[in-house]
Amino acid sequence: MPQQEQPEGSATVAGRPNDERYDAQRVESKWFERWQNDPSLYAAEPTSTQKKYYVLEMLPYPSGALHMGHVRNYSIGDALARYMWMNGYNVLHPMGWDSFGLPAENAAIANHTPPRQWTLSNIANMKAQMKRLGFAYDWSREVTTCFPEYYRWNQWFFLKLYEQGLAYRKNSKVNWCPKCATVLANEQVVNGCCWRHEDTIVEQRELEQWFLRITKYADELLRDLDKLGGWPEKVRVMQRNWIGRSEGTLVDFKLDGPVGPAGSKITVFTTRVDTIYGATSVQLAPEHPLVSDLTASNPDLRAKVEQLISEQRKAKERGDIGEIEKHGVFTGRYALNPFTGKNVPIWIANYILMDYGTGAIMSVPAHDERDYEFAKKYNLEIRLVVIPISNDPEETVAEPALPYVGHEGVLINSGPFSGLEYSDAIIKMSAHAENNGFGKPTVTYRLKDWGISRQRYWGTPIPMLYCEKDGIVPVPERDLPVILPEDIEITLAGGSPLGRVTEFVHTTCPKCCGPARRETDTMDTFVDSSWYFYRYTDARNDHAPFDSRIAQYWFPIDQYIGGVEHAILHLIYSRFWTKFMRDMGLITNDEPAERLFTQGMVIKDGAKMSKSLGNVVSPDEMVARYGADAARLYSLFAAPPDRDLDWQDSGIEGIQRFLGRVYRFMVRNAKPNDAGWNAPVPANLSPAARAVQRKLHQTIRRVTDDFQGRWHFNTCVSAIMELVNSLYSAEDAISQNQIPQSLLADVQRKLVLLLAPFAPYLAHELWEMLGESGNLLKAPWPKYDPELAKEEELEIPVQVNGKLRSIVVVPADAGESAIVETAIADEKVTTAVAGKQIVKKIYVPGKLVNLVVK
RNA sequence: GCCGGGAUGGCGAAAUUGGCAGACGCAGCGGACUUAAAAUCCGCAGGGCCCAAAAGGCCUGUGGGGGUUCGAUUCCCCCUCCCGGCACCA
């Protein structure tokens, strides 16, 4: 029987034995054991001549189990940490637990487990999950925020803030979540509801609270956003909006007649003082302090105001204050517009907010949408004072459509200021107000001071005392920490649970030794996470939060990685804390993190994973079914890390197949005892061998470039898959000895190195299989040789009038004229060009030829 | 309303500087191996049309419409939809 002709690379490789199946569980448990026995494996060097690299993933709340979002977050960070180790850096890669918070109390109520016990057992479980997933953390630096060793420094910082006047107590309206039974910071109110209970409307309550003066840093927090080039634009924009800086002018309008306790003038805030000659009324927020004076003798008016207040409150609670129907009441009183010298009516309106600006505005109907609507409704005077500048000097400026809110304009009807261009007018008119003592330029912020008091148990006790004689007294530093008592009864009713622990509450005043009462509120848990990453640098320090010199070595964080949901809360608080610590001389950096990366959410079937939708994928199950490497690799492969990832179970099966494919190739081809295995790779290679070598170097280049630049790990993994595919295509050549052992050794070693940051278990197993005994974690990252990565032949697409007509193969070093000639000579090109004239020949080096014909 | 990010096959996605659209993977189809299946290996595959079939060829295609260019997923203008943030912010 004659030899059957076989197409290349087909039947000869069919039906390979299947006893090379990759048993991920066996291999992973083997390495898991080895890694457990060497806790120093991932330890950062305390001091080092190597360059440092601090890579940090946001610490989790110990809810009980990791979810896929965690796995994704840590897989990104772990790949980066491993890559940096392989590149010779002294890497700090720590992990900890943001372990104070309300869920522990809820669990305590639900199943009578003390919060501490519940929290610690959750930590134990999640830590075991992290270890099983193979994340390379330096556990010797573990930080657990609910331990006194940690929270004593929260208290210490609080005392420092208090000394600086940056922590203060005030009675104020606060956001109250009835479900949490505690106060929330402004940042924790989402659409009028609690950030933890999305259907629970946040109420407003009047309470004495501790505040941190974050507004002292408002301007710097805003300005320094420009320095954060390594942060996503999105996060910077969100913070900018949140800080909400607005430049404007304060102007006093004097009351016309009798004056009550709230004073004799109304101070308004405006960004458009240039329009003040058009201010035909003054509008007060219903909760403005002057309102009670103005309504004192008029119960009827008072009742109407109460109505406005309750409307506003309801709208705020519903979160649709923007939709409220604008209306108001005239007070019967007038105030003096200091620019015009005329009295204007004082109104109270439901669209004026007490918590922005001064709670009072000047109403300029001609130049503001809302004021216009309001003036129309109540027939108030509308006075045009700014007209647009026409582009055509010949054209007489027509009356603009009202309201005219455009910025480019010239003042009219504005006394001595008429004729000024609007921006110039703002400067001159606020100066005029200041010179005459009835106003000044000013800056307001949307950002408010950070209310940190929480009427809850499971948090850092605020180290303050109340003494009948000495008033508010800080706990002396030497008495820290104020220990959170254990074994207490927790309920969600009746204020702070600590208030019912008499041995906690009753103490003595350090000043007068008389009886004193402890503060029973605890701190917002965002205090804990505002500085935890400094503690990692010196986690066991028991006489300071950390050693400044050590922090200086490690800071700023080189790469911080976490979810975008922390773009405002955590990331603005920790920037504030850093600036405060810098000002007290503890650190020298202005910002905590040089680069920030926010990864996308993990979703399934188009929706965020949630128990109610039943689309939750459990990491434990994935690890049990496919192995840790597969779960990690898939979370990097399925989408670029900054985008949402749509989890598909069949997708992770593909990754499992890929890992098996790599394994099987090496089982067949790892022959470290063969002669020639360790020989240098010869320079003269067969075309098949060259192809393998070229693909290897191209792959190294792609993966390395991605680590340095855009972090599209999904394409890194694709590139490695392509390399493996081309190794499979080369198996015929391998069996025919066309590929030297030395090259096979080289390509396999480097393939393992490329895989090491992404799939550490398999990589370690294969490293051993290749006869390597050195520590893979710190094996040098492979370098690519641009010469070896170069193609010898180029496939040049040939277009005619921009349409692809053919592809010609030319030697890589061919010159332009040779390539263009080859292209023109090509049969398909000739057909396409036939009967026409080539008017232009475009050659893009190495890319394509385009012939323009007529 | 303002700001930011998106939209590419049946699906997840790729195209890094304006140069072969759909790499890689999933699902699918065909084949090899097998008594059979699983596993594995090899191959095909955007859509439409021409051709008996194959080989091949032609047209078309990156949310929609216009523009710049020899050439546009990429740059510019307008519009639609989706996600996120802020919002009677004075």
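Chain naming here is simple, since letters A, B, ... match the order of the sequence lines and numbering starts at 1 in each. Note that the coordinates shown come from a computational prediction; the quantities given were computed from them, not determined experimentally. As a basis for the values below, the full set of heavy atoms in this structure was taken, side chains included, without hydrogen atoms, waters or symmetry mates.
- Of the candidates B/rG19, B/rA27, B/rG4, the closest approach to any side-chain atom of A/Val844 belongs to B/rG19.
- Counting to the nearest Å, the P atom of B/rA90 and the OH atom of A/Tyr351 are 13 Å from each other.
- Rounded to whole Å, the distance from NZ on A/Lys803 to P on B/rG57 is 16 Å.
- Of the candidates B/rC88, B/rG85, B/rA21, the closest approach to any side-chain atom of A/Ile568 belongs to B/rG85.
- B/rG28 and B/rC79 are spaced 44 Å apart, taking the P atom of each and rounding to whole Å.
- Ranking B/rC89, B/rC20, B/rC24 by closeness to the A/Tyr356 side chain, first place goes to B/rC89.
- Relative to the six-membered ring of A/Tyr728, A/Arg661 meets both conditions, a distance below 6.0 Å and an angle of at most 45° to the axis.
- Going from the C1' atom of B/rU60 to that of B/rA21 covers 13 Å, rounded to whole Å.
- Side-chain contact between A/Asp371 and A/Pro403 is absent, with no heavy atoms from C-beta onward closer than 4.5 Å.
- Spacing of C1' atoms, B/rC82 relative to B/rG47, comes out at 25 Å, to the nearest Å.
- Between the P atoms of B/rA13 and B/rA7, the separation comes to 9 Å (whole Å).
- Note: CG (A/Leu848) to C1' (B/rG71) measures 8 Å, nearest angstrom.
- Atom P of B/rG6 sits at a distance of 16 Å from the matching atom of B/rG18, rounded to the whole Å.
- Using bins of under 30°, 30° to 60° and over 60° for the plane-to-plane angle, the ring pair A/Tyr277/A/Phe339 lands in the perpendicular bin.
- Salt bridge annotation for A/Glu373-A/Lys376: absent, with no cationic side-chain nitrogen under 4.0 angstrom from a carboxylate oxygen.
- One C1' atom belongs to B/rG85, the other to B/rU74, and the distance between them is 27 Å to the nearest Å.
- Separation of the A/Phe707 and A/Phe713 ring centroids falls under the 6.0 Å cut-off.
- Comparing the C1' positions of B/rA45 and B/rA36 gives a spacing of 28 Å, expressed to the nearest Å.
- Checking B/rG19, B/rA90, B/rC42 against every side-chain atom of A/Ile842, the shortest atom distance belongs to B/rG19.
- In the interface, the side chain of A/Asn241 is not paired with the base of B/rC86 through any donor and acceptor atom under 3.5 Å apart.
- A distance of about 27 Å separates the C1' atoms of B/rG63 and B/rC58, rounded to the whole Å.
- Screening A/Val282, A/Thr280, A/Ile276 for a side chain to side chain contact (heavy atoms under 4.5 Å, CB included) involving A/Asn337 leaves a single residue, A/Ile276.
- No N or O donor and acceptor, one from the side chain of A/Lys840 and one from the base of B/rC70, sit under 3.5 Å apart.
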Pairwise N/O distances under 3.5 Å, protein to nucleotides 10-17 of chain B:
{"unit_1": "B/rC11", "atom_1": "O2'", "unit_2": "A/Gln648", "atom_2": "NE2", "d": "2.7"}
{"unit_1": "B/rG12", "atom_1": "O2'", "unit_2": "A/Ala638", "atom_2": "O", "d": "2.6"}
{"unit_1": "B/rA13", "atom_1": "O3'", "unit_2": "A/Asn714", "atom_2": "ND2", "d": "3.3"}
{"unit_1": "B/rA14", "atom_1": "OP1", "unit_2": "A/Asn714", "atom_2": "ND2", "d": "2.8"}
{"unit_1": "B/rA14", "atom_1": "OP2", "unit_2": "A/Arg643", "atom_2": "NH2", "d": "3.1"}
{"unit_1": "B/rA15", "atom_1": "OP1", "unit_2": "A/Arg710", "atom_2": "NH1", "d": "2.7"}
{"unit_1": "B/rA15", "atom_1": "OP1", "unit_2": "A/Arg710", "atom_2": "NH2", "d": "2.5"}

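- Out of B/rC59, B/rA90, B/rA39, the shortest distance to the side chain of A/Arg805 is found at B/rC59.
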A/Tyr351 and A/Phe374: CA distance, side-chain angles, deciding distance, ring pair (Phe, Tyr, Trp, His ring centres under 6.0 Å) verdict: CA-CA 10 Å; A/Tyr351 71 97; A/Phe374 197 86; 5.5 Å; yes

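- Relative ring orientation between A/Tyr404 and A/His367 is described as perpendicular, the plane-to-plane angle rising above 60° on a 0-90° scale split at 30° and 60°.
- If you check B/rG61 for Watson-Crick or wobble pairing at under 3.5 angstrom, you find it has no partner at all.
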